[in-house]
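In what follows, a single structure is set out as structure tokens and then discussed.
One-based numbering, in listed order, for ligands and for the atoms of each. The structure displayed is predicted, hence computed values, not measured ones.
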Amino acid sequence: MSTYISQLHANILDRIEAAAKRSGRTAADICLTAVSKQQPDNRIKDMLAITHSGGQTVFGENKVQEAQGRWGAKEQGSFADARANIQLRMIGPLQTNKAVAACELFDVIETLDREKLAKALVKAMDKTGRQPELFVQVNTGEEPQKAGVAPHDLDGFIKTLRTIYGLHPVGLMCIPPAGTLISGQAPGPHFALLAKLAARNGIQSLSMGMSGDFEIAIEFGATHIRVGSALFGARD
Ligand SMILES: *Cc1c(COP(=O)(O)O)cnc(C)c1O
């Protein structure tokens with residue numbers, strides 16, 4: 001059955017493949033996170049039909065409470081039944097008082113960005129017995145309002161995570177300044193910086209690229225892209 005969502009999904013897969021090819025990579029090297037935040041249930045249901053026929057298995061959310069309402073078992077999330085079939089990634093800012101809930105719900109947390117949160121996550125992992133994979137968010141544009149470690153603080157932060165907290169992040173994540181495409185200031189340099197920071201810290205995964213710039217991110221080495229509106233349609 002072809003739905004609007006399945007057409008959007010097929011289109012994104014085609015674009016991922018083409019961007020991968022252009023940069024001498026293959027689509028299999030790139031994980032597509034379907035960002036389901038603020039999307040209506042009917043669209044998510046259509047995406048889960050793709051999941052059930054062996055397609056899209058990775059989903060991303062940016063708010064703990066909203067994610068619980070969608071995927072959480074205890075809270076009777078609207079799609080609790082599908083939770084076991086997907087990987088769930090936290091891509092939004094995380095407050096320390098939500099660390100336990102985040103460890104319970106998510107398989108991956110992409111937004112570790114400060115020592116206080118590292119400390120809370122260590123405690124939460126201990127308490128829940130769950131150990132989500134970790135990415136460190138980097139504020140590549142050094143925007144004051146944006147979460148993430150400043151590039152010049154990253155090496156020290158990674159070292160602190162490894163030596164003091166026993167945490168070993170597997171990836172870095174960034175969100176380039178908004179409107180960089182519109183303003184003609186390309187996101188490419190932000191993606192290149194993230195790749196450089198990862199390489200010098202021995203980190204393999206790069207979560208970068210959204211609806212407006214995922215092809216550029218792939219050409220700069222993204223291993224994980226986070227696509228919402230281009231995959232589900234515009235949010236409410
Ligand atoms: C919302 C969001 C996305 C997806 O944005 P689109 O432009 O809709 O693809 C990706 N990453 C993060 C961190 C987000 O909050």
TODO: Could you tell me which residues satisfy side-chain contact (heavy atoms from CB on, under 4.5 Å) with Val149, sequence neighbours excluded, listed by chain and number?
DONE: Asp113, Val136, Asp153, Leu154, Phe157
Open item on the list: Test of understanding: with side chain to side chain donor-acceptor pair (under 3.5 Å), list the residues that count as partners of Gln7, not counting sequence neighbours.
Closed with: Ser2
TODO: Decide, yes or no, whether a salt bridge links Arg89 with Asp107 under the criterion of side-chain N to carboxylate O below 4.0 Å.
DONE: no
TODO: State, with a plain yes or no, whether a side-chain heavy atom of Ile218 is found less than 4.5 Å away from one of Ser23.
DONE: yes
Atom pairs, nitrogen or oxygen, ligand 1 to protein, under 3.5 angstrom:
unit_1, atom_1, unit_2, atom_2, d
ligand 1, 8 (O), Ser229, N, 2.8
ligand 1, 8 (O), Ser229, OG, 2.8
ligand 1, 8 (O), Arg235, NH1, 2.8
ligand 1, 8 (O), Arg235, NH2, 3.2
ligand 1, 9 (O), Ser211, N, 3.0
ligand 1, 9 (O), Ser211, OG, 2.5
ligand 1, 9 (O), Gly228, N, 2.8
ligand 1, 11 (N), Arg226, NE, 2.9
ligand 1, 15 (O), Lys37, NZ, 2.7

Task: Aromatic centroids of His190 and Phe220 separated by under 6.0 Å - done: no
Task: Partner set under side-chain contact (heavy atoms from CB on, under 4.5 Å) for Lys37, not counting sequence neighbours - done: Val35, Glu61, Asn62, Glu66, Arg235
